[in-house]
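Below is one structure; the comments refer to it alone.
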Number of protein chains: 2
Amino acid sequence: MPDTTERRPYHHGNLRTDLLDAAERGLRAHGAERLSLRDLARDVGVSHAAPRRHFADRRALLDALAESGFVRLGERLRTAVNEIGDEGDLPARLHAFASAYVRFATENAALIGLMNSSKHRPGATAVAEAAAAAFGQISDLIQDGQERGELEGDDPEETGLVIYATVLGITSMLNSGMVEPARLEGLVGTAVTQFLRGARPAEPR
Amino acid sequence: MPDTTERRPYHHGNLRTDLLDAAERGLRAHGAERLSLRDLARDVGVSHAAPRRHFADRRALLDALAESGFVRLGERLRTAVNEIGDEGDLPARLHAFASAYVRFATENAALIGLMNSSKHRPGATAVAEAAAAAFGQISDLIQDGQERGELEGDDPEETGLVIYATVLGITSMLNSGMVEPARLEGLVGTAVTQFLRGARPAEPR
DNA sequence: ACAACAATGTTGCCAGTGTCTACTCTCGCG
DNA sequence: CGCGAGAGTAGACACTGGCAACATTGTTGT
């Protein structure tokens with residue numbers, strides 16, 4: 001009878017990604033606060049000090065998690081907007097953007113909380129860049145609309161920032177329990193239409 | 001020579017409030033994550049298990065902190081709006097509201113983060129109520145505007161929620177470093193005017 | 001082929017922490 | 001006056017993050 005005790009190799013192979021996966025599961029299950037490096041090490045089947053080779057710090061692990069979150073969020077937003085069609089009307093694309101953001105945020109509540117709360121340590125430019133990339137898309141959208149005359153306004157980045165902030169705020173209120181999930185759809189709807197009403201070019205008298 | 005070792009009484013007197021004060025200082029200094037009950041106990045000069053008589057849990061302490069934050073925020077918002085004058089024009093009052101919120105949030109960055117991230121435990125109705133009280137003011141403002149015909153729209157609570165979310169989102173982006181402090185003024189300005197443009201009654205053709 | 005070396009994991013340790021239980025002190029009330 | 005409830009103390013336990021010293025493996029230059 002062969003030995004059933006699985007003999008793991010000394011080198012795990014891809015500890016880093018496995019740790020991140022386990023971390024994300026833990027995040028989803030118990031929140032970021034009680035996410036312990038030692039626990040993750042146990043989950044992956046590795047000694048308690050092993051993670052240190054890949055993450056200098058608990059904070060570093062969380063930052064990496066946040067960064068990967070921003071990357072995936074960015075992808076989701078991009079595909080959501082693109083699915084509408086390249087020359088689709090702006091309102092639809094805006095709504096798709098906001099809707100996709102909110103969906104991502106509800107499906108990954110703890111992760112989004114981590115992303116926003118993460119006061120990334122001084123050197124962590126990676127997470128900031130990923131966030132900027134995700135956010136930048138809306139500025140492009142706005143600029144597009146302005147160039148085509150569908151929108152009025154001056155600074156596309158500034159207005160984009162405001163929209164992004166609105167959606168972010170909505171999900172934040174949702175995740176902290178200030179508003180019930182059932183109201184989500186309605187909220188993003190009024191937010192987007194409110195914005196569009198405010199940004200449309202003045203009708204000729 | 002008299003004994004200089006201050007003889008503290010066995011009963012501290014008002015441990016609870018002193019702990020909260022110390023906690024707020026710690027919050028401001030080091031953030032919520034590294035806020036240790038034992039540390040607070042030391043600060044106040046009391047044994048490490050004493051806080052337990054007043055806060056069942058670390059979480060309970062944080063919740064109490066968040067609640068007090070909402071109460072104070074509510075007061076600040078109220079006075080800010082009232083200072084404009086009882087019959088003052090709506091744009092000015094809205095701007096005052098948003099401005100006061102943002103100011104509070106920047107002056108108490110860590111606290112506001114705690115307030116928003118605090119997924120208050122099941123029983124904690126107190127913090128939710130305090131939050132609702134703070135937020136409710138904007139709904140009243142909107143409703144007022146609608147009744148006087150200065151604003152168009154249907155559900156005042158819903159639009160109030162959207163505005164609140166916008167301001168909340170702006171401060172969140174600020175505190176997480178996605179936007180520089182210098183842009184704050186401009187952002188709340190465009191947010192408010194954007195909203196007002198969208199919510200004003202249609203001009204007669 | 002092989003020695004040196006850099007990566008990657010492991011064990012052991014330390015200072016802290018939150019929480020629990022049992023004990024002690026003090027004040028106020030019958 | 002005594003005594004019980006409230007408020008603070010002391011000790012223990014399981015756990016955590018971080019560090020240092022050691023072990024094992026993959027790689028690479030010669």
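Note that the coordinates shown come from a computational prediction; the quantities given were computed from them, not determined experimentally. Every chain is numbered from 1, with letters handed out A, B, ... down the list of sequences.
Computed from coordinates, the Leu61(B) CG to dT19(C) C1' distance equals 14 Å when rounded to whole Å. Between Leu15(A) atom CG and dT25(D) atom C1' the separation is 14 Å, expressed in whole Å. Taking atom CZ of Arg59(A) as the reference point, atom P of dG17(D) lies 13 Å away to the nearest angstrom. Atom CG of Leu19(B) is separated from atom C1' of dG18(C) by 15 Å (rounded to the nearest Å). Straight-line distance from the NE2 atom of His54(A) to the C1' atom of dA6(C): 14 Å, rounded to whole Å. Between the CG atom of Leu40(A) and the P atom of dG18(D) there is a distance of 13 Å, given to the nearest Å.
Glu107(A) is linked by a side-chain hydrogen bond (donor to acceptor under 3.5 Å, both in side chains) to Arg76(A), counting only residues two or more places apart in sequence or in another chain. Taking Ser68(A) as the reference, Arg72(A) meet the side-chain hydrogen bond (donor to acceptor under 3.5 Å, both in side chains) condition, with sequence neighbours excluded. In this structure, the ring pair (Phe, Tyr, Trp, His ring centres under 6.0 Å) partners of Phe135(B), at least two apart in sequence or on a different chain, are Tyr164(B). Remark: Phe97(B) engages no residue in a ring pair (Phe, Tyr, Trp, His ring centres under 6.0 Å) (not counting sequence neighbours).
Residues from residues 28-39 of chain A lying near DNA chain D, meaning a heavy-atom separation below 4.0 Å, are Leu35(A), Ser36(A), Leu37(A), Arg38(A) in numerical order.
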Let me have the donor-acceptor pairs involving side chains of residues 37-49 of chain A, under 3.5 Å, with sequence neighbours excluded, atom names and distances please.
| unit_1 | atom_1 | unit_2 | atom_2 | d |
| --- | --- | --- | --- | --- |
| Asp39(A) | OD1 | Arg42(A) | NH2 | 3.4 |

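Close to dT19(C), at under 4.0 Å from its OP1 or OP2, lies no side-chain N or O of His48(B).
Other residues, nucleotides and ligands contribute at most 12 non-hydrogen atoms within 6.0 Å of the CD atom of Glu33(B).
Taking a cutoff of 4.0 Å between a charged side-chain nitrogen and a carboxylate oxygen, Glu157(A) and Arg183(B) qualify as a salt bridge.
Proximity note for Arg53(B) (side chain, C-beta onward) versus dA7(D), dT16(D), dT10(C): the nearest is dA7(D). Residue Asp57(B) places its side chain closer to dT19(C) than to any other of dT19(C), dG8(D), dA20(D).
Among the protein residues, Arg16(B) comes within range of no part of the nucleic acid, since none of its heavy atoms lies under 4.0 Å from any strand.
Not a single donor-acceptor pair, N or O on each side, falls under 3.5 Å between the base of dG17(D) and the side chain of Arg58(A).
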